[in-house]
Amino acid sequence: MLDEWAERGSPLLIDGELVTCDERFETLDPATEEVIGTAADATLGHLDTAIAAARRAFDGWAADLPLRVRCLRQLREALVRHADELRELTVREVGAPRFLTYGAQLDAPVADLGWFADLAETYAWTRDLGRAAPMGMVSERRLLREPVGVVGAITPWNFPHQINLAKLGPALAAGNTVVLKPAPDTPWCAAALGRLLTEETDTPPGVVNIVTGRDHALGARLATDPRVDLVSFTGSTATGREVMRGAAENLKKVFLELGGKSAFIVLDDADLRTACSYAAFTGITHAGQGCAITSRLLVPRARHDEAVEITAHTMAKLGARDPSDDRTVCGPVISARQRDRIEGYLKLAAEEGGSFATGGHRSDRDKGFWIEPTLITGLTNRSRAAREEIFGPVLVILPHDGDDDAVRLANDSPYGLSGAVHGGDVERARAVARRLRTGTVSVNGGIWYAADVPFGGYKQSGVGREMGVAGFEEYLETKVIAEGG
Ligand code: NAD
């Protein structure tokens, strides 16, 4: 697949056909800037045809639950069969450290497809609400859950398989048809799904359409097109706002997974070395390019300097390394644009009075997009570097004056996506976790990511939940039929 695309470019998937385009754009290896190959650069005309196909396919797909379950399982099996090739692709196109492809960058979301197939099979699609006599009229009431219709799925580049599949899985299981518009930085990860869906599953034409393109206008059109019933968007908060504005035109449903600036709280009874080493490791995993990454480290004031030393030491030791090496935690950032944006924040942090305990600059390499793991000290939680999402291997460390102060600082953020608490007394750590205004919290290293766990944000981190039963139900309408007589 990949050798062929390197020569001819990856195709779109529209109405069951793999469509190659004369217009193409390059996809790069962010570690080396080497051009891996090209991808079809869709026009608004392609998008229009894709939406029309999804509309036509909807009724048949919505009515055939066994087919949906079969196709999802076939897709999972096809992805497993091609795992080696997809692993190479993910390391090269995303710059993802290889170890992550055994988890959230590939294997985990592939396995999750099976969970959505099982859920669709066992889900209570109808529920008897019983007999009642509202306003004196005896009525038999029944509740039905039905697919919403055509889903416009718009996704970012940082965890492309996870995010593409976390939308396709529940949307298809629920009976919707989908037009997927991936980020311009990772077209091949999405195109691979198109290829496998067409060649290795029984998915009918039009049920899934995949439209790669370099122009963000494709996403904007998907958000506004009146034939799309629900927009499922993952990306930055700024673009999420645009999507919501666009969807307001015809009041379509919106589901938004957005940015974060999550806090990692170290309580004063925690093992400081364990907690800070773990904060360093999680903070720079995949070069910090994860929406739920804890990028503000809150440590007890009395042990601040010690915490800085441990964290900086671990970050420097892990370093920014070749993503194809199994031991690498922090690889390159996705693009020159992201690298420059992160550098802009490092400059801003220095202007705001911050210092760098380690890093603070791009890596000393000729090629590729690299930022050295960076720990910023000396800022307050009011500084922009501590409030805004940097999306790089950059942690801001801040002192706190006890549990109440740590909770106050953690919650003093426009975001509310995730968080972490480390403490010796688990009851106390749990109590702090309960007070955080975020969608997920890890206590003492607990991992919340799983197919059955709803994920999403409070405040400006999003609207709705992805994954879990709650995530599946985002893709359903609720209907009630009442029979008289
Ligand atoms: P982005 O917002 O720039 O782009 C995301 C997607 O939206 C891309 O496919 C892009 O082409 C498309 N898009 C751009 N402008 C659009 C518009 N006006 N209308 C519709 N679509 C448009 O985000 P990104 O840089 O690709 O990804 C990084 C961001 O994503 C970070 O802020 C990160 O926190 C967030 N993110 C959130 C989650 C989550 O689940 N909460 C997960 C991963 C990434």
Side-chain angles (χ1 to χ4, degrees), residues 25 30 39 41-42 44 47 94 96 104-105 109 152-167 179-187 189-190 210-225 228 231-249 252 254-262 286-295 333-342 345 388-392 413-418 438-440 448-449 453-468 471 474:
F25 64 105
D41 194 9
L44 290 176
L47 183 69
V94 188
Q105 281 284 13
I154 305 172
T155 58
W157 43 262
N158 59 334
F159 281 76
H161 297 302
Q162 197 280 324
I163 299 167
N164 292 338
L165 293 174
K167 297 196 185 304
V179 178
L180 171 64
K181 206 300 286 172
D185 312 82
T186 50
C189 287
I210 299 178
V211 182
T212 57
R214 85 182 103 184
D215 193 346
H216 295 308
L218 292 166
R221 176 64 69 85
L222 201 50
T224 48
D225 191 293
V228 174
V231 194
S232 178
F233 172 82
T234 299
S236 61
T237 295
T239 311
R241 242 177 238 122
E242 290 292 307
V243 165
M244 206 169 190
R245 235 177 250 130
E249 190 60 33
K252 56 173 59 92
V254 285
F255 166 68
L256 306 173
E257 292 291 355
L258 309 175
K261 189 78 182 183
S262 301
H286 191 26
Q289 302 170 111
C291 50
I293 279 179
T294 39
S295 50
V333 299
I334 190 75
S335 61
R337 185 178 66 99
Q338 281 300 112
R339 179 200 55 205
D340 296 349
R341 185 175 171 275
I342 296 164
Y345 271 108
E388 296 176 16
E389 187 178 47
I390 299 176
F391 228 56
S413 168
Y415 295 112
L417 194 54
S418 194
T438 65
T440 46
W448 41 258
Y449 176 88
V453 173
F455 169 69
Y458 287 26
K459 301 191 262 181
Q460 293 186 31
S461 288
V463 176
R465 291 293 176 272
E466 195 142 73
M467 315 282 284
E474 294 283 348

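Atoms within a ligand are numbered from 1 in the order they appear, just like the ligands themselves.
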Next on the checklist: Does only the side chain of Leu258 get under 4.0 Å from ligand 1, or the backbone, or both, or neither? Count heavy atoms.
Outcome noted: backbone

Checklist outcome for this item: Note: Leu218, heavy atoms under 4.0 Å from ligand 1, region reported as neither

Checklist outcome for this item: OG1 (Thr234) and CD1 (Ile154) are apart, to the nearest 0.5 Å, by 9.5 Å

Next on the checklist: Could you check whether any heavy atom of Gly462 sits closer than 4.0 Å to an atom of ligand 1, since that is the contact criterion I want to use?
Outcome noted: no

Checklist entry - Is there any salt bridge (charged side-chain N to carboxylate O under 4.0 Å, His left out) pair reaching into residues 155-164, and which pairs are they, with sequence neighbours excluded? => result none

Item to check | Heavy-atom nearest neighbour in the protein, as seen from atom 34 (O) of ligand 1, with distance rounded to 0.1 Å | outcome: Glu389 OE2, 2.6 Å

Next on the checklist: At less than 4.0 angstrom from any non-hydrogen atom of Pro182, what atoms of ligand 1 do you find?
Outcome noted: 9 (O)

Checklist entry - Purely on distance, is any nitrogen or oxygen of Asn158 under 3.5 Å from one on ligand 1? => result no

Next on the checklist: Looking at ligand 1, would Phe233 count as a contact under a 4.0 Å heavy-atom criterion?
Outcome noted: yes

Item to check | Aromatic ring pairing Phe391/Trp157, orientation class (parallel under 30°, perpendicular over 60°, tilted between) | outcome: perpendicular

Checklist outcome for this item: The closest protein heavy-atom partner of atom 16 (C) of ligand 1 is Thr239 CG2, 3.2 Å

Checklist entry - For ligand 1, which atoms have a heavy atom of Phe455 less than 4.0 angstrom away? => result 40 (O)

Checklist entry - Relative to atom 5 (C) of ligand 1, which among Ile390, Thr234, Asp185, Leu222 owns the nearest non-hydrogen atom? => result Thr234

Checklist entry - Looking at atom 28 (C) of ligand 1, what's its closest protein heavy atom, distance included? => result Phe391 CE2, 3.6 Å

Checklist outcome for this item: Counting heavy atoms under 4.0 Å, the part of Ala223 that contacts ligand 1 is neither

Checklist entry - Just going by heavy-atom distances, which of Ala183, Gly290, Ser236 is nearest to atom 1 (P) of ligand 1? => result Ser236

Checklist entry - Of Gly259, Ala220, Gly235, Pro160, which has the heavy atom at the shortest distance from atom 35 (C) of ligand 1? => result Gly235

